[in-house]
Engineer: 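Before anything else, here's the structure in question.
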Amino acid sequence: MINGNTSGLKEYILDNLDELYNTKIEKGKIISQEIVNYISEVSNKINREINIAIDRSGNIMDISIGDSSTVNLPVVPIYNKKLSGVRIIHTHPGGNPHLSSVDISALIKLKLDCIVSVGVSEEGITGYEVAICSIVNNELTYDRTLLKNLDDFDYLEEIKEVEEALRKKDIIEDDKEYALLIGIDEERYLDELEELASACDVKVVGRFFQKRSKPDPVFLIGSGKVQELALVRQVRKANLLIFDEELSGLQLKMIEEVTACKVIDRTTLILEIFARRARTREAKLQVELAQLKYRSNRLIGFGITMSRLGGGVGTKGPGEKKLEIDRRVIKKTISYLNNELENIKKVRNTQRSKREDSGIPRVSLVGYTNVGKSTLRNVLVDMYQNDKTLKKEEVLSQDMLFATLDTTTRTIELKDKRIVSLTDTVGFIQKLPHDLVESFKSTLEEVIFSDLIIHVADISSKNVIEQIEAVEKVLEELNCLDKTKILLLNKIDNATKNNSYMLIEQKIDEIKEKYSNYQTLIISAKNRFNIDELMNLIKKNLIVKTYDCKLLIPYVNTDVAAKVHRNAIVKSESFVDEGIILEVVLNEKEYNKFKSFILNS
Ligand SMILES: Nc1nc2c(ncn2[C@@H]2O[C@H](COP(=O)(O)OP(=O)(O)OP(=O)(O)O)[C@@H](O)[C@H]2O)c(=O)[nH]1
Ligand SMILES: [Mg+2]
């Protein structure tokens, strides 16, 4: 079968290519000249790359067609201490015989026997470049050679040394990504970008900043600066460029071409982190949807990077996560994902309306990423658990960005014995990719429908005000600005550690003044400071009335008992001669409905 972008190709071309699977390549040869001639001719005619993968026995494993500048690689098995035994030959229509940086990185990551590019143009084959793995200072790297003729290159002979060394020595197969961060807005934003990068296991080796009020439409930082960037990246040995601004498809493509380096932007990085952290099916679907939407708008640029190396950051190789480059397929997948999400949403709505019926007030924790929402939630659930028999389930709380990606809801008991539900949400961030906000809106619906929003901020962060502002922006998008809100200034322990009291007081005053629509409280979730005060504040702000009562339901009315179980919160259940005794919390509606069964209240 011919893989990849076969749309619109003549039947006979596909048949002829398919025939190639029956040929066997002579031992020692990379590929036969006949096959190269044929695929070059076809490649030129259809203006798409053609890729052939061959194993050591000389069998053709895969033939794929891409577009004019990219093609998908097949799944290649990766072994320890040896090469994969697969070689890849592909055409470059347009005449350029040189291997791209992405080709080279595929060679090393997949430990290919060799990778060959064949430049083809109207005049025929313009030349070949071949690269093999090599070892320098115990590190896996590469050697590349331009060739006039493929027969001059005995690849088996050439890779003998590497194979031997791989077997014997402990070679560092450094597939880590070393990134250079590039910004044009404010230099300090690169701090956060660096944190985002390390959340993706990418090591940052340098920064490149150029203040610019008007981004260049082609290179973002301008064509002169991009040349400079290309040099810096060589000196720093970076193999990844991360831009703090969203790049257009054209910018991605052009910068990648000039710097010969993989290029991604902040949004791609954030989407990648979300993809890694998502746990529930819903979160996974939402992230995939956001990624697809983002990518489909930038298909030209993401070409090389995305299709060859499986996209984002630190990906282990094609096949592991094959990313589509075909617009139609993407469109289909997007509509499939939307459908799936719609179904999940229905279930969620039923659950929510059940909670609504029960009249339990809903409280949501929102805030910038890493401010301590999950920590606070765990503390509250630990201290004010309403059902001691409930198994405590701790939400992941960690010192990393976006530790929580799924909203989780638990109940706690207020001092007046009322039960409230508490929802922990995904952390917000500045310049949160719009597609992501869109996708996560359904998860954030818990916020939209909540009776009280607790906005947690990190008073020990020097960017606390900007972070509050970023969260406010998302709340605005969710139409939640006029809800009852509490602003918690968390991590006061940390703030007082590094700053003078006066400075902090000043900051707190500034925040109080700026956000006078909030009720503000200083806490430390970690040290459990002011938590009691917080509970009082929550109580004061939830005006929804509930009734704690005991019901006696005669055995002839077991259907009523079932109804109570379905709708209300049942704290205990016991069986006596007269019937079932239920200790329950009822809202106004239920109170009226079940009034006749009430023992006392
Ligand atoms: N010093 C100090 N550290 C805290 C406090 N509260 C939370 N932390 C730490 O801050 C880090 C982040 O806490 P999380 O609870 O995971 O933050 P989050 O807001 O849920 O983060 P995301 O889920 O990523 O949005 C953890 O290392 C916590 O231990 C506090 O009151 N003081
Ligand atoms: Mg969290």
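Just follow the structure's listing: the first ligand is 1, and inside any ligand the first atom is 1. Predicted model, so just to flag it, every value in this text is computed and none were measured. Hydrogens, waters and symmetry mates are skipped; everything else that's a heavy atom, side chains included, is used.
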Engineer: Are N463 and S461 linked by a side-chain donor-acceptor pair shorter than 3.5 Å?
Structural biologist: no
Engineer: Hey, is N490 touching ligand 1 through its side chain, its backbone, both or neither, going by heavy atoms under 4.0 Å?
Structural biologist: side chain
Engineer: Are K485 and Y518 in a cation-pi contact, defined as NZ or CZ under 6.0 Å from the six-membered ring centre and within 45° of the axis?
Structural biologist: yes
Engineer: Keeping K483 on the side-chain end and I448 on the backbone end, is there a donor-acceptor pair under 3.5 Å?
Structural biologist: yes
Engineer: Between T375 and N378, do the side chains contain an N or O donor and an N or O acceptor separated by less than 3.5 Å?
Structural biologist: no
Engineer: Ligand 1 versus D493, non-hydrogen atoms closer than 4.0 Å: side chain, backbone, both, neither?
Structural biologist: side chain
Engineer: Taking both backbone and side-chain atoms of I523, is any N or O found less than 3.5 Å from an N or O belonging to ligand 1?
Structural biologist: no
Engineer: Counting heavy atoms only, which of I492, T375, V456, L488 comes nearest to atom 7 (C) of ligand 1?
Structural biologist: T375
Engineer: Is there a donor in the side chain of N541 and an acceptor in the side chain of T484, or the other way round, less than 3.5 Å apart?
Structural biologist: no
Engineer: Counting each atom of ligand 1 from 1 as listed, which ones have a heavy atom of N494 under 4.0 Å away?
Structural biologist: 1 (N)
Engineer: Before signing off on this row, confirm whether K491 and ligand 1 have an N or O atom pair separated by under 3.5 Å.
Structural biologist: yes
